[in-house]
Protein chains: 2
Amino acid sequence: MRPSKRDELVEKALMVFYRHGFHATGMDKLAAETGISKTSMYKYFSTKEDLIGAALTLRDKQFRSWLFRRMEQLGSTPRGQLIAMFDGLKEWFAQEGFQGCMFMKAAAEYQKSTDPIHMKSAEHKSILISCFSDIAQRAGAADPDALARRLMLLKEGAIVAAQLGITKNPAMDAKAAAKILLADALGQ
Amino acid sequence: MRPSKRDELVEKALMVFYRHGFHATGMDKLAAETGISKTSMYKYFSTKEDLIGAALTLRDKQFRSWLFRRMEQLGSTPRGQLIAMFDGLKEWFAQEGFQGCMFMKAAAEYQKSTDPIHMKSAEHKSILISCFSDIAQRAGAADPDALARRLMLLKEGAIVAAQLGITKNPAMDAKAAAKILLADALGQ
DNA sequence: GGCATAGTGTACTGATCAGTTAACATAAGG
DNA sequence: CCTTATGTTAACTGATCAGTACACTATGCC
C-alpha cells in the first residue's frame, strides 16, 4: 500500500470534482484530467462514490488544518481568533478558482440524508461547530455552543454570498456581524 | 399560447428538480414523472437549461411572494417583520420535503458565473437583499444595506444548517442573532 | 532467471444522456 | 368536411455514463 499514486489520484480528483461538480464529472473525463488510468482508479476505489468519499475526507483535513492554523496566526486571543476566521475566509474567497464550499455542493448533489456523501458533509460542519465552541468557551462565553452556532451561520452565509457573488465583501460583512455577536456574548 | 400545459410542466419539473437535482434528473425521467411527453416538453423549451430557467423563475416568484406575505402576517412593524422572517424560515424548514434552497443547489451544479442558471440564482438573492434593505430603511436603520446583508448571511447560513441537519433549530439560532444585530443597528 | 506488484491502454458491457423524427389522436373553428 | 393547434406514443440518433475484461509493461525483490 504505497501512498503515492492513490493519494495523487484523490488529490487530483478533489480538484476536478470541485471545479466541475460531481455528477458532471464522468470517470472517463476524470481519468483524462488526472492522467491516471481508469483501471487503476477502480483498483483503489470500487465505485465513484467511494472516490468522492475519499476526496471529501481529504478536503475536510485540508480545510480544517488550513482554517485553524490561519486563525491562530491572525488572532492572539480566543476571541481574536474567532474574529480572525473571517479574515481567513476573505483570503479564501479571493483565491483564484474559489467555487464555494465543497461540502455544500456535495450535499446539494447527494441530497438523501442517509447518503454517505451527505453524511460526510454534515459531519464536516459538525466538527467545525464543536471546534468553534471550544474556542468560544476559552473566550469565556456563557453559552459557547450557542455562540458557535451563530458564528457558523455567518460563515456559511458568507460562503454562499461569495460563491453567488451577490455582495462585494461578504467576509467583512460577516466579520462586522460577528463582532457584534461576540460583544453580546462576551461583553464589550 | 394557452397557459395550462406549459405551466403544469414547469410546476412539476420544479418539484422533480428540487427533489432529485438537476444533472441527476434526465429528460426521460422528467417526462415519466410529470406525465408530459418529451415531445411536448421540447415544443415549449428547446433545451433542458431553458426549462430549468423557467422553473427557477417560477420558484423565485413563489418563494418571494410566500416569504414576504408571511413576514407581513407575522410582524406588524418593519423591525418585527425582519425578525419574523426567521419564524417563516422555521416553518419552511419543517415542511415535509424540505431540501434546502433551490438556487443554492442550482448555483452549485452550474458553477460558471456566466451560466444563465447561475446568474438567475444570483439575481434571486440580490432581489431578496434589496427587499430586506427597503424594510430595514423603513425600520430606521442608519445603514439599511449593511443590515440587509447581515440578515441575509444569517438566512443563508440557516438554510445550509437546516439542509445539512447539523443543528437542531437553525432558524431560531438565526433569529436570536438577528435580534442582536437589529438592536445594534436600530438601538434598543 | 523467476515472480509478484503496480501500473497502463483499449475495447467492451448495458444503461442512460439530450435531443429528433415520424405517425397518430383529439378537439375546436371555419 | 377540412384545417389547424395541441397533444400523444415510440423508436431513433450519437454521445456519454459507471464499471469490467484482457493483454500488456515496468519495477523491484528473492
Side-chain angles (χ1 to χ4, degrees), chain A residues 1-57 105-106 108-112 114-118 120, chain B residues 1-57 105-106 108-112 114-118 120:
Chain A
M1 258 323 145
R2 272 232 301 321
S4 63
K5 271 284 171 184
R6 200 192 118 114
D7 292 359
E8 186 190 333
L9 165 61
V10 176
E11 265 176 56
K12 290 186 175 175
L14 173 59
M15 280 170 36
V16 178
F17 283 134
Y18 183 63
R19 274 207 270 270
H20 303 313
F22 299 97
H23 284 101
T25 302
M27 293 300 268
D28 293 276
K29 206 158 269 177
L30 200 54
E33 289 214 37
T34 61
I36 292 165
S37 72
K38 246 175 115 176
T39 320
S40 299
M41 295 173 56
Y42 276 100
K43 254 181 201 143
Y44 296 127
F45 304 98
S46 54
T47 66
K48 184 186 183 182
E49 279 72 31
D50 284 354
L51 174 56
I52 294 175
L56 290 182
T57 300
K105 296 196 288 193
E109 291 204 46
Y110 300 88
Q111 309 199 41
K112 274 184 60 180
T114 55
D115 188 299
I117 295 175
H118 188 102
K120 187 154 278 186
Chain B
M1 260 320 147
R2 272 233 300 321
S4 62
K5 271 284 171 185
R6 198 193 118 116
D7 291 359
E8 187 189 333
L9 166 61
V10 176
E11 263 177 57
K12 291 187 175 176
L14 173 58
M15 280 170 36
V16 179
F17 282 135
Y18 183 63
R19 274 207 270 271
H20 303 313
F22 299 97
H23 284 101
T25 302
M27 294 300 268
D28 292 276
K29 205 158 268 175
L30 200 54
E33 290 213 38
T34 61
I36 291 164
S37 71
K38 245 174 114 175
T39 320
S40 300
M41 294 172 57
Y42 275 100
K43 253 178 202 144
Y44 296 127
F45 303 99
S46 53
T47 66
K48 184 185 183 183
E49 280 71 32
D50 284 353
L51 174 56
I52 294 176
L56 291 182
T57 298
K105 296 197 287 194
E109 292 204 46
Y110 299 88
Q111 309 198 41
K112 274 184 60 182
T114 56
D115 188 299
I117 295 175
H118 188 103
K120 187 154 278 187

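Each chain gets a letter, A, B and so on, in the order its sequence line appears, and its residues count up from 1. Values below: all heavy atoms of this structure, side chains included; hydrogens, waters and symmetry mates excluded.
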message: So if I take every side-chain heavy atom of B/Asp28 and compare against C/dA18, D/dG19, D/dT8, which nucleotide ends up nearest?
response: C/dA18
- prompt: Any sub-3.5 Å donor-acceptor pair from B/Ser40's side-chain atoms to B/Ile36's backbone N or O?
  reply: no
message: Check this for me, if you would: do A/Lys12 and A/Glu8 make a salt bridge, where the nitrogen-to-carboxylate-oxygen distance has to be below 4.0 angstrom?
response: yes
task: Could you give me the CA-CA distance, side-chain angles and deciding distance for B/Phe17 and B/Leu56, then say whether side-chain contact (heavy atoms from CB on, under 4.5 Å) is met?
output: CA-CA 10 Å; B/Phe17 282 135; B/Leu56 291 182; over 6 Å; no
field: Contact pattern, 5' to 3', of nucleotides 20-28 of chain D - B, S or - by protein heavy atom under 4.0 Å
entry: BBB------
message: I need the B/Leu30 CG to B/His20 NE2 distance, nearest 0.5 Å.
response: 9.5 Å
Spacing of A/Tyr110 atom OH relative to D/dA18 atom P, expressed in whole Å: 8 Å
field: Shortest side-chain distance from A/Tyr44, nucleotide among C/dG19, D/dA18, C/dG7
entry: C/dG7
task: With DNA chain D as reference, determine whether B/Ile36 or A/Thr25 sits nearer its 5' end, using the nearest nucleotide of each.
output: B/Ile36
field: Stacked cation flag A/Lys105 on A/Tyr18, 6.0 angstrom / 45 deg
entry: yes
statement: Rounded to whole Å, NZ of A/Lys48 lies from P of C/dA15 at a distance of 19 Å
task: Measure the distance from CZ on B/Phe22 to P on C/dA18 and round it to the nearest whole Å.
output: 13 Å
message: Rounding to an integer number of Å, can you tell me how far B/Glu109 CD sits from C/dC17 C1'?
response: 15 Å
Side chain A/Glu109, main chain A/His23, donor-acceptor under 3.5 Å: yes
query: Taking atom P of D/dA5 as reference, at what distance in whole Å does atom CZ of B/Arg6 sit?
result: 18 Å
task: Starting at atom CE of A/Met41, determine the distance to atom C1' of D/dC17, rounded to an integer number of angstrom.
output: 13 Å
query: Under the 3.5 angstrom rule, does the side chain of B/Lys48 hit a backbone N or O of B/Phe22 as a donor-acceptor pair?
result: yes
Gap between atoms CG and P, on A/Leu51 and D/dA18 respectively (whole Å): 11 Å
task: Calculate the interatomic distance between A/Lys29 atom NZ and D/dA15 atom C1'; express it in whole Å.
output: 10 Å
